Amino acid sequence: MSRVYADVNTTLGKAWYDYDNFSIDWSGPENYEIVRRLGGGKYSEVFEGVDMVNSDRCVIKVLKPVAAKKIKREIKVLRNLAGGPNIIALLDVVRDPSARYHSLVMEYVENADWKRLFPVLTESDVKHYTFQLLVALSHVHAHGIMHRDIKPANVMIDCRRRTLRLIDWGLAEFYHTDTDFHHRVGSRYYKAPELLVSYKRYDYSLDLWSVGCILASMIFRKEHFFRGSDNDDQLLKIMKTLGTEKFDTYLKTYNIHFETEIDSLLVNYPKQPWARFITAENRHLASATDALDLLENLLRYDHRERLTAKEAEAHPYFNSVRLETISTKGDAVNDSGFASA
Ligand SMILES: Brc1nc2nc[nH]c2c(Br)c1Br
């Protein structure tokens with residue numbers, strides 16, 4: 001049972017979480033033109049496009065037939081979260097006349113390539129973007145939804161505007177207590193331990209593990225902090241850092257039966273102190289006060305021990321950012337610089 005927001009969907013009601021029973025008013029493709037391919041994956045091809053009515057740039061995500069069953073869930077989630085902080089905006093839903101292809105039209109983001117971005121982020125950038133990601137997840141979780149595929153490729157960052165948008169809600173799901181969820185979700189390097197041991201009774205905290213992985217990659221300047229070659233190796237990489245002792249405690253706590261033939265997973269690894277990963281290149285980021293403490297409280301085997309998004313936002317590591325956010329949010333700030341009552 002999630003420590004937070006356990007009954008949100010029951011409270012918000014069926015109209016909120018029942019994504020099977022609602023009809024979609026599809027637009028035709030005539031108003032949109034594809035400009036270039038941006039990317040693609042198992043479930044979709046993504047293009048930059050133009051809305052010919054208003055000449056705005058947009059992103060057109062063309063869903064592959066295999067994703068057909070889940071289109072309604074993705075649309076329902078995007079509509080429920082519309083207007084939320086740092087959530088990508090769904091502008092239109094398009095179907096071709098043959099009804100073979102379904103597309104989602106979203107707002108365009110001048111996205112910086114993670115490979116080029118992560119090595120040049122300053123400490124204030126790391127704090128700013130991590131904070132904005134947590135603000136998004138606080139909103140998403142408070143509305144009963146888990147993203148389940150948090151990773152750099154799904155966090156669009158526009159460096160010029162210093163804005164962040166969480167994208168790709170194709171794996172997002174509504175949280176319900178006492179429910180087993182699919183464990184084959186997420187992307188390997190960002191998969192939480194509960195997924196790697198096939199523990200299905202997970203919750204929103206799944207996303208906070210992934211935030212911890214992204215934070216670690218930014219402060220230690222490592223493209224992917226836990227980089228496993230397969231799911232077993234992924235768990236091994238995690239155990240070599242967090243140690244075996246707490247892993248065993250975790251399995252006992254949740255009565256998880258984890259079997260493996262992989263001998264290296266049965267070795268006793270000591271927990272590595274986070275300072276162990278500080279190098280000359282990342283020292284200015286990794287030795288920031290509170291950075292390692294925040295990491296220590298996100299990257300926990302036991303998902304109930306992880307900070308929630310709201311708790312992480314309140315962590316001292318973000319003190320300088322929170323102040324900045326208040327002032328830029330345009331709150332009535334008196335000349336002493338404090339928001340007035
Ligand atoms: Br949605 C969305 N998906 C993308 N995939 C690659 N680049 C993308 C952008 Br920019 C947006 Br916005």
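FYI, side chains are in, hydrogens and waters are out, and symmetry mates aren't considered; it's all heavy atoms of this structure. In listed order, ligands and their atoms are each counted from 1. All values derive from a computational prediction rather than experimental measurement.
- Closest to atom 6 (C) of ligand 1, if we only count protein heavy atoms, is L38 CB, 3.9 Å.
- Heavy-atom separations between E107 and ligand 1 include at least one value shorter than 4.0 Å.
- Between R3 and D203 no salt bridge is recorded (no basic side-chain N to carboxylate O distance below 4.0 Å).
- Below 30°, between 30° and 60°, or above 60°: for Y202 and F181 the angle between ring planes is between 30° and 60°, a tilted geometry.
- The protein atom (non-hydrogen) at minimum distance from atom 5 (N) of ligand 1 is V46 CG1, 3.6 Å.
- Among all protein heavy atoms, the one lying closest to atom 10 (Br) of ligand 1 is V109 O, 3.0 Å.
- Using bins of under 30°, 30° to 60° and over 60° for the plane-to-plane angle, the ring pair F131/F318 lands in the tilted bin.
- Each of the atoms 12 (Br) of ligand 1 lies under 4.0 Å from some heavy atom of I88.
- Between the OG atom of S138 and the CG atom of N86 there is a distance of 10.5 Å, given to the nearest 0.5 Å.
- At the top of the distance list for atom 11 (C) of ligand 1, counting protein heavy atoms only, stands V59 CG2, 3.6 Å.
- The nearest protein atom to atom 3 (N) of ligand 1, hydrogens excluded, is given as I167 CD1, 3.4 Å; this is a heavy-atom distance.
- Of the charged side-chain nitrogens involved, at least one lies within less than 4.0 Å of a carboxylate oxygen, so that D125 and R162 count as a salt-bridged pair.
- Using a 4.0 angstrom heavy-atom cutoff, M106 counts as in contact with ligand 1.
- For atom 8 (C) of ligand 1, the nearest non-hydrogen atom of the protein is M156 SD, 3.7 Å.
- Contacts with ligand 1 closer than 4.0 Å are made by no heavy atom of D168, backbone or side chain.
- Remark: aromatic rings of Y199 and Y254 are close, center separation under 6.0 Å.
- L171 and V62 fall into different hydrophobic clusters, defined by Ile, Leu, Val, Met, Phe, Trp and Tyr side-chain heavy atoms under 4.5 Å apart, directly or through other members.
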